[in-house]
Each structure stands twice: as C-alpha cells, then as structure tokens.
Amino acid sequence: MRSIEMVDLKAQYEKMGGEIDNAIKEVLLSTKFIKGPQVAKFEGELKEYLGVNHVVSCGNGTDALQIALMALGLKEGDEVITTNFTFIATAEVVALLGLKPVFVDVDPLNYNISVDAVRKAVTPRTKAIIPVHLFGQCAPMEDLLEIAEEYNLFIIEDAAQAMGTDYLFANGSVKKAGTIGHIGTTSFFPSKNLSCCGDGGVMLTNDESLAKEMRSIANHGSTVKYYNDKVGVNSRLDTLQAAILSVKLKYLEEHNRARKEVADFYDNAFREIKGAIIPEREKYSTHTFHQYTIRVKDGKRDSLQKYLKDAAIPSMVYYPVTMHSQKAYSYLGYHETDFPVSSALCKEVLSLPIHPEMDEEQLEYIAATLLKYFL
Ligand SMILES: *Cc1c(COP(=O)(O)O)cnc(C)c1O
C-alpha cells in the first residue's frame, strides 16, 4: 500500500507533472517573473470559473484578507466580527490594522460561525463580518447577508478552504464561495484544494471600485508607477505560481469530486460509531472537504490520534486552540469559558487524511483501523 498522507502532493505531481514542467519552463524562458502575462491569464480563468466580476491576485491568503480590510477604509477601533474557530490569519489581519477583532462562537455540527452569536455581537462600532467557510462548507451566508444589510456592515468571506464550493440560496440561485459578500479572499497554499507550489492568493469582488482599490493597495498604493496615492503593500502572485495555477485549475472540479467520494466513503464507514460524530452536511452548501473532521467523544481524541499514528495513519487537530485563548489576543480580555462550543471542539476534533489521490486500499485500511478502535 502506498503510504498514507494528509495531502499527497507528490502523487498529484506524478499525475500532472509534465504539464506543470512545461508551464514553468515557459516562464523561465520568458524571464517575466513579476507580472508576466500568465498572471492576468490565470486571473481571467478564475474569474470565469467563479462567475465573479473581478479577481485581484496577491502574495498569499493572509495578504488577501489584509488588503480586503484595508480597501474598506475602516478606522482604528472599528469592530470586526469573526469566528472563534479558524486559522489565525483571519483574526491576525484585523488586529494588525488596529481594528478590534470580536470573536463569536460556532455551530456545534458544522463548525461554522453561529448566526445567533453574530447578531448578539453587533454594536454601534461594528463595521464588518468575516465568516470563514471552514473545512470546505459555506458559512450560513444568507442569514449573515441579512444581518449585514440590517446594520450596514461589510462582509469579507474567507474562502481559503472552500475553493469551488457552491452556496445554494433559498430562491434557487447558486453562487461560488467567495463571490457572495462584498469581498472574498482565498489562498493557494500547497495544502488547499486549489494550490500552487509556494504561496499565492486572490481577492474576489463584484464591485469595480473595490477591485481598483485592492489592486492599487497590493501595488504600493499606486496605479501609475512611482506615484503613490496611499500607503499600500507589496503583494504579488509570482508569474511561476500563476502558470502552475492555470494548470491545476483545470483539475479542480475533478479533485473536489474525488474529495467528496472519500468523504462519502468515510460517512458510510463511520456513521454508526457511537464514540464519534461525522461532519454535518448543510442543505444550503455543497462541501468540497478541504478537511474531513470528526468529533471524538469521551475524551478519547488524543488516544485515537496516537492509535492511528501507530498504524501509520496521519491525522491532524484543526484547531487545538481557539482565537480567544491565544496568548496574542489575551489583551482583548475574553474569559476561558466565553465560547463553550469552540472550546469543546478544540478538545474533540480530528481531521482524517483526505485528498484526490487516495485509493480504495488506503480507505479500506483507514476505515477498518478506526472501526477497530471503537469496538
Ligand atoms: C490557509 C488559510 C489562510 C491563509 O492563507 P495563507 O496563504 O497561508 O496566508 C487564511 N484563512 C484560512 C481559513 C486558511 O485556512
């Protein structure tokens, strides 16, 4: 049996390596490493795929969040509501810009931001909400849009884990994750569903003036070279990475389908286990399974992880610490018990290997091993 990995980038390279090599070679020969034609080409392809008006590329997913926030013209002390259960980048950029992160608890079944909690957290200083489409399933956008409208708030979707996920509105319309709020952001970090061979990211928006603003901010606050209208940053998608992304984008739908097949297999294998809960699937969203994350009950998560490791099955804890318990954010003055759901998740969640290159033999082995633990 091929060794089991959380993400098997080597197997992926074996499949499409020829195409990637050619794309890289073309850039090397052109020597247009910064802002080569492949960057605009990829932006256009992604725009088409997502059905969004503007795609603005940048250096990584964290920069994408930062530039999105900078473009909204918020003032020091303005409050930004976000989930207490996410990767640190979501909260970090808020704090970095002198804004106040306001954390809220999550839904115990789908791990996404809780609509009730968001509603309760709104104050006269609230200016924006950053929902994260965690593990590949959309946050409840329709309800969040309603709150945003009521209180005149911006929504930035952190779609780093949900490239290709569809949001299904009650009226039957469908939009891609990241194209629903005022701005969407994503990351092409190597482990993401659409990834490059290094760092990369984009901002997405249907608003032309926001798109212009973000393009300028990412380029030192400049639209005409050497004339700088505002304080910006230097954040670019490398031409090499853009060329690689154009190759990989062609495989995204196939890869997301393969991930869903793995998730369906796990669901069927683990549904009856008493000591663990399989991930909830919501009617309003498809699921692209950036992670397949179970909840392990009765304090057995760490012991299960060790048992799997001994059987050469990797697993990960996304995430072991909530935002409000991070040392860096202790200045916000939260109490340990403020967010019972996300705090419980940190002790119970376990993400199992899921990627498009998994084979039947690996899946059968993982299922049999895990079932044996719970016997
Ligand atoms: C990966 C990730 C990011 C950051 O992306 P980078 O490209 O590593 O900066 C932000 N938010 C979430 C939810 C992520 O998973």
Side-chain angles (χ1 to χ4, degrees), residues 6-7 9 42 46 55-70 80-97 101 103-104 106 110-113 128-139 141 144 155-165 177-178 180-181 183-204 214 218 233-238 240-242 244-245 248 256 259 285 287-293 316-323 326 328-329 342 345-346 349 351 354-355:
M6 286 301 287
V7 182
L9 293 173
F42 170 67
L46 191 62
V55 171
V56 180
S57 59
C58 66
N60 58 67
T62 308
D63 280 3
L65 283 163
Q66 180 182 331
I67 294 162
L69 273 172
M70 287 171 81
V80 178
I81 297 174
T82 192
T83 167
N84 195 37
F85 192 62
T86 178
F87 178 61
I88 197 68
T90 321
E92 185 175 48
V93 291
V94 177
L96 192 67
L97 293 173
F103 301 129
V104 299
V106 298
N110 63 32
Y111 323 131
N112 269 318
I113 197 165
I129 309 170
I130 309 182
V132 177
H133 303 309
L134 200 72
F135 301 153
Q137 186 166 236
C138 282
M141 289 304 293
L144 295 175
I155 294 190
I156 298 175
E157 301 169 69
D158 182 344
Q161 302 185 4
M163 181 49 71
T165 305
I180 304 162
I183 303 173
T185 65
T186 198
S187 157
F188 304 120
F189 185 85
S191 67
K192 311 289 192 198
N193 289 30
L194 175 61
S195 68
C196 57
C197 301
D199 277 312
V202 290
M203 290 79 75
L204 313 165
M214 292 190 289
V233 297
N234 172 27
S235 187
R236 298 184 282 238
L237 182 66
D238 287 350
L240 277 170
Q241 302 302 348
I244 291 165
L245 283 162
K248 287 210 185 182
N256 280 346
R259 284 174 180 275
S285 174
H287 202 323
T288 48
F289 287 99
H290 176 59
Q291 299 297 342
Y292 184 94
T293 304
M316 293 291 282
V317 175
Y318 298 120
Y319 296 92
V321 186
T322 62
M323 295 302 103
Q326 296 284 0
Y329 299 96
S342 39
L345 287 177
C346 290
V349 285
S351 299
I354 189 163
H355 57 77

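Computed from a prediction, not measured in an experiment: that's the story for all the values here. As the structure lists them, so they are numbered: ligands from 1, and atoms in each ligand from 1.
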Engineer: For Phe135 and Phe85, take the angle between the two ring planes, folded into 0 to 90°, and tell me which bin it lands in: parallel under 30, tilted 30 to 60, perpendicular over 60.
Structural biologist: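 Rings of Phe135 and Phe85: perpendicular, as their planes differ by over 60°.
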Engineer: If you count only heavy atoms, which residues are under 4.0 Å from ligand 1?
Structural biologist: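 Lining ligand 1: Asn60, Gly61, Thr62, Thr86, Phe87, Ala89, Thr90, Val132, Asp158, Ala160, Gln161, Ser187, Phe189, Lys192.
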Engineer: Any side-chain heavy-atom pair from Gln66 and Glu92 closer than 4.5 angstrom?
Structural biologist: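 No, too far: nothing below the 4.5 Å cut-off.
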Engineer: So Thr82 and Val94, do their side chains get closer than 4.5 Å, heavy atoms only?
Structural biologist: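 No, too far: nothing below the 4.5 Å cut-off.
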Engineer: Would you call the rings of Tyr319 and Phe87 parallel, tilted or perpendicular if under 30° counts as parallel and over 60° as perpendicular?
Structural biologist: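 Aromatic pair Tyr319/Phe87 classed tilted.
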Engineer: If you measure from CD1 on Ile67 to CE on Met214, what distance do you get to the nearest 0.5 Å?
Structural biologist: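 Ile67 CD1 to Met214 CE: 9.0 Å, rounded to 0.5 Å.
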Engineer: I want to check something: taking the side chain as every heavy atom from C-beta on, are Tyr329 and Ile88 in contact at a cut-off of under 4.5 Å?
Structural biologist: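 Heavy-atom side-chain distance check passes, below 4.5 Å.
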